[in-house]
2 protein chains.
Amino acid sequence: MNSKPEKIIFKGHIRLALSVLGGKWKLEILYYLRQATLRFSELQELMPEVRQKVLTEQLRELEHDGLVTRTVYAEVPPRVEYGATPYAHALLPVLEMLCDWGQEHEKRTEALAAAKEAQESR
Amino acid sequence: MNSKPEKIIFKGHIRLALSVLGGKWKLEILYYLRQATLRFSELQELMPEVRQKVLTEQLRELEHDGLVTRTVYAEVPPRVEYGATPYAHALLPVLEMLCDWGQEHEKRTEALAAAKEAQESR
DNA sequence: CAGTATCCTAAGGGATACTG
DNA sequence: CAGTATCCCTTAGGATACTG
């Protein structure tokens with residue numbers, strides 16, 4: 001058996017992950033679905049900048065990739081609820097880290113900008 | 001002070017992170033630079049599918065966002081080395097998790113496909 | 001070696017309108 | 001309510017060629 005401790009990351013795996021998560025709003029959707037199922041309209045309210053069409057598309061793709069569940073209630077008016085699957089939940093820590101990093105990055109960028117300004121007004 | 005334990009993720013932070021890491025090859029580049037600095041040509045060999053122009057662009061953007069360092073050695077022929085900054089290193093755990101997840105996802109997808117086939121030949 | 005300079009294509013989304 | 005159906009447009013990234 002190959003017991004090489006070397007960490008081998010197959011390019012394919014990053015690429016695969018990116019292909020699934022690459023949509024502009026997918027991570028955000030998953031984040032909103034992390035704890036509760038939400039109706040389509042609730043997601044829309046949370047993300048007003050996203051067009052219905054696009055939101056639907058992204059949800060369909062996430063569903064296809066097994067990250068969200070879609071439950072249709074045969075009522076009038078129709079009700080559709082979206083939830084996160086276990087596979088999506090496995091992604092949450094990643095999301096949180098990404099977010100923390102984004103926060104750090106923001107701080108850093110601001111600090112840099114401030115420093116630059118100070119230098120320019122010198 | 002606001003001691004609300006509630007986890008607030010500002011949309012902006014995911015979006016910010018995505019805007020920095022969104023390039024098609026950026027995560028992969030960062031991965032290759034995780035341990036050692038590499039020359040431009042070495043990166044090219046590692047990622048033959050990426051055109052020079054694109055590789056250059058992605059590197060420039062990463063540099064601009066403070067994720068990679070670019071060192072030019074005034075030699076003939078020119079030598080340029082790229083390295084990862086501490087900010088990039090803070091991202092490595094995320095990368096690894098993403099990768100692991102990609103691997104899981106692959107397995108799952110294969111399992112699903114196999115199951116489907118079995119059912120169809122029934 | 002490590003780039004720029006052009007040109008071009010594909011596709012992910014955006015905007016608006018219509019419907020079961 | 002929760003979608004489809006169109007049309008359109010930007011832009012990231014690909015292909016090829018040229019240079020300090």
Side-chain angles (χ1 to χ4, degrees), chain A residues 11-12 14-33 36-65 67-84, chain B residues 11-12 14-33 36-65 67-84:
Chain A
K11 314 180 173 196
I14 319 180
R15 295 185 187 172
L16 189 61
L18 286 182
S19 75
V20 172
L21 305 169
K24 190 166 177 181
W25 310 102
K26 289 188 184 174
L27 293 185
E28 218 167 310
I29 293 173
L30 289 179
Y31 184 77
Y32 286 126
L33 294 179
T37 63
L38 292 176
R39 311 182 47 158
F40 188 80
S41 52
E42 291 173 319
L43 279 170
Q44 270 194 107
E45 278 160 38
L46 288 166
M47 309 165 71
E49 330 80 283
V50 188
R51 296 275 147 188
Q52 272 183 357
K53 182 202 125 188
V54 175
L55 186 52
T56 308
E57 279 172 3
Q58 306 261 310
L59 283 166
R60 286 287 184 286
E61 289 173 24
L62 286 170
E63 187 193 359
H64 172 261
D65 289 326
L67 293 178
V68 310
T69 56
R70 179 170 178 270
T71 318
V72 184
Y73 296 88
E75 306 172 353
V76 178
R79 183 162 58 102
V80 179
E81 292 200 337
Y82 292 93
Chain B
K11 314 179 173 195
I14 320 180
R15 295 185 187 172
L16 189 63
L18 287 182
S19 76
V20 173
L21 305 169
K24 189 165 175 181
W25 310 102
K26 289 187 183 173
L27 293 184
E28 217 166 311
I29 292 174
L30 289 178
Y31 184 77
Y32 286 127
L33 294 178
T37 64
L38 293 176
R39 313 183 46 157
F40 187 81
S41 52
E42 291 172 321
L43 279 170
Q44 271 193 107
E45 277 161 38
L46 288 165
M47 308 165 69
E49 330 80 282
V50 187
R51 295 276 147 186
Q52 270 181 359
K53 182 202 127 190
V54 175
L55 187 52
T56 308
E57 280 171 1
Q58 307 260 309
L59 284 166
R60 286 287 185 285
E61 289 173 24
L62 286 170
E63 187 193 0
H64 172 262
D65 290 325
L67 293 178
V68 310
T69 57
R70 179 170 178 269
T71 316
V72 183
Y73 296 88
E75 305 172 352
V76 178
R79 182 162 57 101
V80 180
E81 291 201 336
Y82 293 92

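The analysis underlying the following values was restricted to heavy atoms, covering all of them including side chains, and did not include hydrogens, waters or symmetry mates. Each chain gets a letter, A, B and so on, in the order its sequence line appears, and its residues count up from 1.
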Quick one: B/Glu75 CD to C/dG3 C1', roughly how many Å, whole number?
16 Å
Just compare C/dA2, D/dG13, D/dA2 and give me whichever is closest to any side-chain atom of B/Arg79.
C/dA2
Answer for the Watson-Crick or wobble partner of D/dG20, both distances under 3.5 Å, is C/dC1
Applying a 4.0 Å non-hydrogen cut-off, can you work out what B/Gln58 is touching in the nucleic acid: base, sugar-phosphate, or nothing?
sugar-phosphate
Can you check the A/Arg70 CZ to D/dC1 P distance for me, whole Å?
16 Å
Measure across B/Leu38 and B/Tyr32 and return the closest heavy-atom pair with its distance rounded to 0.1 Å.
CD1-O, 3.6 Å
Could you tell me how far apart B/Leu27 (CG) and D/dG13 (P) are, to the nearest whole angstrom?
11 Å
Any ion pair linking A/Glu81 and A/Arg70 (charged N to carboxylate O, less than 4.0 Å)?
no
For the pair made of CD in B/Glu57 and C1' in C/dT6, what is the distance, rounded to whole Å?
12 Å
Assign each of A/Trp25 and A/Gln52 to its nearest nucleotide of DNA chain C by heavy atoms, then name whichever residue's nucleotide is nearer the 5' end.
A/Trp25
According to a strict under-4.0 Å criterion, is A/Arg51 in side-chain N/O contact with OP1 or OP2 of C/dG13?
no
B/Tyr82 vs C/dG3: side-chain N/O to OP1/OP2 distance below 4.0 Å:
yes
OP1 or OP2 of D/dC1 versus the side-chain N and O atoms of A/Arg39: is any pair under 4.0 Å?
no
Using both distances under 3.5 Å as the test, list the Watson-Crick or G-U wobble partner of C/dA15, or none.
D/dT6
Reading DNA chain D from 5' onward, which residue's closest nucleotide shows up sooner: A/Gln44 or B/Pro78?
A/Gln44
Between C/dA2, D/dA5, D/dG13, which one does the side chain of A/Lys53 approach most closely?
D/dA5
Any donor-acceptor pair under 3.5 Å linking the side chain of A/Glu61 with the backbone of A/Gln58?
no
What is the distance, rounded to the nearest whole Å, between atom CZ of A/Phe40 and atom P of C/dT19?
18 Å
Show the nearest heavy-atom pair for residues B/Tyr82 and B/Leu33, with the distance to one decimal.
O-CD2, 3.4 Å
Rounded distance in Å - CD (A/Glu61) to P (C/dG12)
7 Å
Please check the phosphate of D/dT4 (OP1 and OP2 only) for any side-chain N or O of A/Arg60 closer than 4.0 Å.
yes
Atom pair distance, as rounded to whole Å: CG in B/Leu55 and P in D/dG14:
11 Å
Output yes when at least one side-chain N/O atom of B/Lys24 is less than 4.0 Å from OP1 or OP2 of D/dG14, else no.
yes
Side-chain ion pair, B/Lys26 and B/Glu57, N-O less than 4.0 Å
no
D/dA2 OP1/OP2 closer than 4.0 Å to side-chain N/O of A/Thr56:
no
With distance as the sole test, does A/Glu42 use its side chain to make a donor-acceptor pair with the main-chain N or O of A/Arg39 at under 3.5 Å?
yes
Value in whole Å for how far the P atom of C/dC1 lies from CG of B/Leu43
14 Å
